[in-house]
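No experiment lies behind these values; they were computed from the predicted model shown.
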Amino acid sequence: MAPSAAAAAEAPAALAAADMAPRVRACTLCHGKEGRATPEGYFPRIAGKPAGYLANQLFNFRDGRRNYAPMSHLLETLNDAYLHEIAAYFAALELPYPPPPAPQAAPAQLAQGQRLVQQGDAARRLPACVQCHGSAMTGVAPAIPGLLGLPRDYLNSQLGAWQTGQRHAQAPDCMAEVARKLSPDEVSAISAWLAAQPVPAGGKPAAQLPAPLPLRCGGVALPAADAKGRT
């Protein structure tokens with residue numbers, strides 16, 4: 001009996017995934033089985049992240065905007081097409097998230113973190129995290145990552161890296177601009193609150209934001225209508 005059209009369409013994708021699995025073993029040595037992350041808390045989950053975001057980070061490590069020698073050495077000879085393949089493979093993995101750890105901060109600090117994540121600080125022109133990363137904080141396709149399901153130590157380290165210039169993105173670097181407006185106490189509060197939240201909807205990124213981004217971000221393409229008049 002001939003296979004159905006749906007089965008025939010799914011076959012190449014299944015073969016491609018099976019072919020990629022052995023080729024990304026170097027990734028899973030640090031990022032955990034299937035990119036789920038590891039208990040150590042520093043290597044982030046990459047499974048299910050938006051493909052555009054993952055590709056951007058691979059380019060950033062390869063091209064020197066992010067500095068971590070093992071990643072840079074692993075990627076330095078790989079071309080754009082192959083990095084897009086790697087990103088697409090991990091983005092397509094739909095895996096459950098574990099429950100979050102118990103909150104690692106006092107109630108007042110958690111409340112401060114929640115306020116900054118959900119409301120920002122208009123007086124300092126500090127946008128809320130949800131304005132870019134989505135109301136559910138699971139990211140936005142194709143290039144904005146979710147902030148839930150990440151360890152507190154990792155969140156702290158990345159915000160600190162943007163503040164000190166150790167991490168960069170394509171110009172204009174909106175995350176560097178945001179991070180440099182945060183005090184050390186605010187960084188700690190944000191990371192503590194985010195790390196304590198469960199991941200809704202399987203962690204799938206939203207299809208789009210309800211409003212234009214509050215800042216221009218070099219790694220995120222804005223629709224032409226949203227970009228008019230923005231500097």
Side-chain angles (χ1 to χ4, degrees), residues 1-101 133-134 136-151 153-155 157-158 167 169-170 195 198-207 219-220:
M1 181 179 294
S4 68
E10 289 173 3
L15 288 172
D19 182 53
M20 281 299 296
R23 291 194 277 155
V24 297
R25 282 182 186 145
C27 307
T28 58
L29 287 175
C30 292
H31 290 278
K33 182 182 178 182
E34 300 172 303
R36 296 172 185 256
T38 60
E40 286 77 9
Y42 184 75
F43 297 102
R45 179 185 174 112
I46 53 178
K49 297 289 185 188
Y53 170 75
L54 292 175
N56 279 342
Q57 301 320 300
L58 292 171
F59 298 150
N60 290 344
F61 279 115
R62 185 195 63 186
D63 300 338
R65 286 180 291 269
R66 292 188 69 174
N67 299 309
Y68 183 61
M71 283 290 295
S72 299
H73 293 324
L74 182 68
L75 302 172
E76 62 186 356
T77 63
L78 303 184
N79 62 33
D80 287 6
Y82 192 28
L83 296 185
H84 276 296
E85 282 189 70
I86 294 171
Y89 169 77
F90 283 108
L93 297 179
E94 297 184 8
L95 306 169
Y97 280 78
H133 295 273
M137 299 302 297
T138 55
V140 184
I144 301 176
L147 297 183
L148 301 185
L150 293 168
D153 288 347
Y154 177 77
L155 293 166
S157 70
Q158 297 311 301
R167 178 172 177 174
Q170 291 89 339
V199 181
K204 289 186 177 181
V220 181

K.L.:
Do M71 and L58 touch side chain to side chain, with heavy atoms closer than 4.5 Å?
P.N.:
yes

K.L.:
Using 0.5 Å steps for rounding, measure from the CG atom of N56 to the CZ atom of F61.
P.N.:
12.0 Å

K.L.:
Counting C-beta onward and ignoring hydrogens, is there a side-chain heavy-atom pair between R62 and D80 closer than 4.5 Å?
P.N.:
yes

K.L.:
Please report the interatomic distance OH(Y89) to CG(L54), rounded to the nearest 0.5 Å.
P.N.:
12.5 Å

K.L.:
How would you list, by chain and number, every residue that makes a side chain to side chain contact (heavy atoms under 4.5 Å, CB included) with P101, sequence neighbours excluded?
P.N.:
Q104

K.L.:
If I compare all heavy atoms of A51 with all of A88, which pair ends up nearest, and what's the gap?
P.N.:
CB-CA, 4.3 Å

K.L.:
Between K33 and T28 (side chain of the first, backbone of the second, donor and acceptor by atom type, cut-off under 3.5 Å), is there such a pair?
P.N.:
no

K.L.:
Which heavy atom in A143 sits nearest to a heavy atom in G219, and how many Å separate them?
P.N.:
CB-O, 3.7 Å

K.L.:
Using a 4.5 Å cut-off on heavy atoms from C-beta on, say whether the side chain of P96 contacts that of R36.
P.N.:
yes

K.L.:
When rounded to the nearest 0.5 angstrom, what is the spacing between CE in M137 and CG in L150?
P.N.:
9.5 Å

K.L.:
Using only atom types and a distance under 3.5 Å, with no angle test, would you say the side chain of H31 pairs donor to acceptor with the backbone of F43?
P.N.:
no

K.L.:
Are the side chain of R167 and the backbone of Q158 linked by a donor-acceptor contact shorter than 3.5 Å?
P.N.:
no

K.L.:
Please report the shortest heavy-atom distance between P50 and P142, naming the atom on each side.
P.N.:
CB-O, 3.3 Å

K.L.:
When rounded to the nearest 0.5 angstrom, what is the spacing between CG in L78 and CD in E85?
P.N.:
10.5 Å

K.L.:
Could you pull out the closest heavy-atom pair between L148 and K49, with the gap in Å?
P.N.:
O-NZ, 4.4 Å

K.L.:
Looking at every heavy atom in both A141 and P205, which two are closest together, and how far apart are they?
P.N.:
N-CB, 3.8 Å

K.L.:
Considering all heavy atoms of both residues, which atom of T138 and which atom of A206 are nearest to each other, and what is their separation?
P.N.:
OG1-N, 4.3 Å

K.L.:
What distance do L75 atom CG and I86 atom CD1 have between them, rounded to the nearest 0.5 Å?
P.N.:
6.5 Å

K.L.:
Does some side-chain heavy atom of P198 sit less than 4.5 Å from a side-chain heavy atom of P100?
P.N.:
yes

K.L.:
Check step by step if side-chain hydrogen bond (donor to acceptor under 3.5 Å, both in side chains) holds for R45 and Y97.
P.N.:
CA-CA 10 Å; R45 179 185 174 112; Y97 280 78; 3.2 Å; yes

K.L.:
Do the non-hydrogen side-chain atoms of F90 and M20 ever get within less than 4.5 Å of each other?
P.N.:
no

